[in-house]
*Asks:* 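Supplied in structure tokens, the structure appears directly below.
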Amino acid sequence: MATLFTRIINGEIPAEIVYQDEHCVAFKDINPQAPVHILIVTRQEIPGLADLPEDGDHKFLLNAAKKIAEQMGLAGGYRLVINQGLDAGQTVDHLHVHLLGGRPMNWPPG
Ligand code: 5GP
């Protein structure tokens, strides 16, 4: 069965798409944690960092994040997050990077 994010990529579930290329699709998070909160998702269904294949769409996530951050005007900085597994709070088992920006952020994260 297709993941939630594949269904968004396929247009079965609506989302505000802000970027796409042959490897990744990016759209606004439904529950934003910052003024800018974008999910950058691999087209390939990779469950998470623990299941990375040798080669694949994940290799293009950082380049996509940089382009989207520029597109969003985040010259002051931004944060990229990948939640892996239960302890990190991963809820969707389809590899994605959170791009957060538009406000100052604390470190370490809570
Ligand atoms: P995770 O917790 O797996 O790192 O991140 C999953 C993210 O997907 C969460 O931030 C959550 O708000 C977002 N999300 C869950 N369902 C939907 C949806 O239907 N549409 C969109 N745009 N985001 C979603």
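Start at 1 and go down the list; that is how both ligands and their atoms are numbered. Position 1 is the first residue of the sequence; numbering continues from there.
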*Asks:* With a 3.5 Å distance limit and no angle check, can you tell me whether Q90 reaches the backbone of G85 through a side-chain donor-acceptor pair?
*Replies:*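 Flag set: sc Q90 to bb G85 pair under 3.5 Å.
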*Asks:* Just checking F27 against Y19, ring centres under 6.0 Å apart?
*Replies:*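 Judged by ring-centre distance (under 6.0 Å), F27 and Y19 do not meet the cut-off.
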*Asks:* Would you confirm whether R103, through its side chain, and Q33, through its main-chain N or O, come within 3.5 Å as a donor-acceptor pair?
*Replies:*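 At least one qualifying donor-acceptor pair exists.
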*Asks:* Please check: side-chain N/O of N106 versus main-chain N/O of P109, any donor-acceptor pairing under 3.5 Å?
*Replies:* no
*Asks:* Can you list the residues that meet the salt bridge (Lys or Arg N to Asp or Glu O under 4.0 Å) rule with E70, with sequence neighbours excluded?
*Replies:* K66
*Asks:* Can any side-chain N or O of Q71 pair as donor or acceptor with the backbone N or O of V18 at less than 3.5 Å?
*Replies:*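 Such a contact is found between Q71 side chain and V18 backbone.
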*Asks:* What does the 4.0 Å heavy-atom contact list look like for ligand 1?
*Replies:*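 The 4.0 Å shell around ligand 1 contains L4, F5, I8, F27, K28, D29, I30, N31, L39, N83, G89, Q90, T91, V92, H96, H98.
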